[in-house]
Amino acid sequence: MDFITPKEAATLWGISVRRVQVLCQEGKVEGVTKFANTWAIPKDTTKPKDGRYKDNKVKEWH
């Protein structure tokens, strides 16, 4: 299995390296493992959905 670094994942997913690290730490990236002080992310893993926002919550202005 091939792995990528958080920096490579950040480039692929269009988010910051720190955000990738947080997603790994929270267990939201499938198949991630930690070697020493860096995360190893499976190359075929997709970007997890951003759980900070709810899709069904839309504000209506009156």
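Note that these values count all heavy atoms, side chains included, but never hydrogens, waters or copies made by symmetry. In this chain, residues are counted from 1 in sequence order.
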cation_pi(K47, W13) dist<6.0 Å, angle<=45
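No - K47 does not lie over the ring of W13 by the 6.0 Å and 45° rule.
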Is a side-chain N or O of T38 found less than 3.5 angstrom from the main chain of K34, in a donor-acceptor match?
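Side chain of T38 to backbone of K34, a donor-acceptor pair under 3.5 Å: no, none is there.
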Determine yes or no for a side-chain-to-main-chain donor-acceptor pair under 3.5 angstrom, with E8 supplying the side chain and T5 the backbone.
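Yes: the side chain of E8 pairs with the backbone of T5.
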Which atom of [X] lies closest to which atom of [Y], heavy atoms considered:
X  : Y   : result
A9 : V20 : CB-CG1, 4.1 Å
F3 : G31 : CE2-O, 4.4 Å
P6 : Q21 : CB-CG, 4.3 Å
I4 : K43 : CG2-CG, 3.9 Å

How about L23 and I15: do any of their side-chain heavy atoms sit closer than 4.5 Å?
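Yes - at least one pair of side-chain heavy atoms lies under 4.5 Å apart.
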Mind checking whether P42 and D2 have side chains closer than 4.5 Å, heavy atoms only?
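Result no, sub-4.5 Å side-chain heavy-atom pair not found.
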From S16 OG over to K7 NZ, what is the distance, rounded to the nearest 0.5 angstrom?
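NZ of K7 is found 13.0 Å from OG of S16.
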